[in-house]
Amino acid sequence: MLQLSDVTYAPATVASPVLRGASFHAERGKPLLIAGASGSGKTSLLEVISGLSAPRSGSISWEGKVMNRRQRRGLCGMVFQFPERHFLGLNVSQELRLGHRRLGSDRQDQVLHRVGLQKISRMTPPEQLSGGQQRRLALAVQLLRGAEVLLLDEPTAGLDWSVRSEVLKLLSDLAQEQVLIVVTHEPELFNRWDSDRLRLENGQLTSMTTLI
């Protein structure tokens with residue numbers, strides 16, 4: 001279980017906190033959806049959880065143990081809103097092998113199958129993949145890292161409806177084995193999801209029983 005306890009965060013260039021006493025827990029088996037308007041601090045929340053940023057106060061725990069930033073970077077895998085901007089490999093296989101000098105073909109095939117990319121050529125450049133395929137590849141990279149917590153920033157942004165449905169089904173399946181946290185400014189797209197739901201507004205998280 002991942003638990004945030006009274007986390008407050010403000011970037012160095014901002015006087016007022018972006019997060020004010022944020023607290024929640026997330027577990028395997030049920031994704032956590034956090035909705036909020038653009039600019040509400042959703043991405044900042046994911047960056048704090050993942051260890052890319054440091055909170056001013058509060059703690060973040062995994063299985064009851066408080067984790068520092070370095071430990072959180074190893075624990076969490078973040079899929080950004082525009083994952084294509086973060087790919088470094090010249091092709092799919094090279095992208096998967098980054099950081100894994102001895103990654104074999106069987107393991108590559110296994111993780112690509114898990115994210116639904118088993119039919120693509122591993123020699124395909126990432127920039128030639130569709131938006132949905134790029135998100136799947138980004139997920140495959142994080143799964144290879146062994147991320148226990150998957151953090152997704154606007155995972156349906158820019159996708160047409162059929163691709164959105166496929167991505168949402170994949171994420172729901174992954175949530176059975178990983179802790180999965182999704183932030184979005186379009187919560188209505190997740191109406192069919194069986195998830196815990198929070199709203200981020202004015203730096204505070206509140207329970208959201210229905211999606212509007």
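Quick caveat: nothing in here was measured; it's all calculated off a predicted structure.
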Task: Ion pair check, R85 and E127, cut-off under 4.0 Å - done: no

Is there a side-chain contact between [X] and [Y] (heavy atoms, below 4.5 Å)?
X    : Y    : value
L152 : T184 : no
Q176 : K30  : no
V167 : R164 : no
L45  : L4   : yes
L90  : P125 : no
L150 : V79  : no
V179 : W62  : yes
E148 : R28  : yes

Euclidean distance, [Y] [atom2] relative to [X] [atom1], rounded to 0.5 Å:
X    : Y    : atom1 : atom2 : value
S50  : R69  : OG    : CZ    : 9.0 Å
F87  : L137 : CZ    : CG    : 4.0 Å
D6   : S23  : CG    : OG    : 5.0 Å
E201 : T206 : CD    : OG1   : 7.0 Å
L198 : Q204 : CG    : CD    : 12.5 Å
T156 : F190 : OG1   : CZ    : 4.0 Å

Task: Residues, nucleotides or ligands: over 12 heavy atoms within 6.0 Å of R107 CZ - done: yes

TODO: Evaluate whether atom NE2 of H113 has more than 12 neighbouring non-hydrogen atoms of other residues, nucleotides or ligands under 6.0 angstrom away.
DONE: no

- [ ] Output yes when a side-chain donor or acceptor of E63 lies under 3.5 Å from a complementary backbone atom of M1, and no otherwise.
- [x] yes

Open item on the list: I'd like to know if the side chain of Q178 and the backbone of A175 have a donor-acceptor N/O pair within less than 3.5 Å.
Closed with: no

Between [X] and [Y], do the side chains contain an N or O donor and an N or O acceptor separated by less than 3.5 Å?
X    : Y    : value
D160 : S162 : yes
T43  : D153 : yes
R136 : Q133 : no

Open item on the list: I need the minimum non-hydrogen distance between K42 and G36, along with the two atoms involved.
Closed with: NZ-O, 3.1 Å

Task: Qualifying residue, where the test is side chain to side chain contact (heavy atoms under 4.5 Å, CB included) with L19 and the options are L200, L205, T8 - done: L200

Show me the donor-acceptor pairs within less than 3.5 Å that the side chains of residues 116-124 make with the rest of the protein, sequence neighbours left out.
{"residue": "S121", "atom": "OG", "partner": "M123", "partner atom": "N", "Å": "3.1"}
{"residue": "R122", "atom": "NH1", "partner": "S105", "partner atom": "OG", "Å": "3.4"}
{"residue": "R122", "atom": "NH1", "partner": "Q108", "partner atom": "OE1", "Å": "3.4"}
{"residue": "T124", "atom": "OG1", "partner": "S121", "partner atom": "O", "Å": "2.9"}

- [ ] Check the pair L32 / I34 against side-chain contact (heavy atoms from CB on, under 4.5 Å), numbers first and verdict last.
- [x] CA-CA 7 Å; L32 173 63; I34 299 176; 4.2 Å; yes

Open item on the list: Hydrophobic clustering (ILVMFWY, side-chain heavy atoms < 4.5 Å, transitive) - are L139 and V111 grouped together?
Closed with: yes

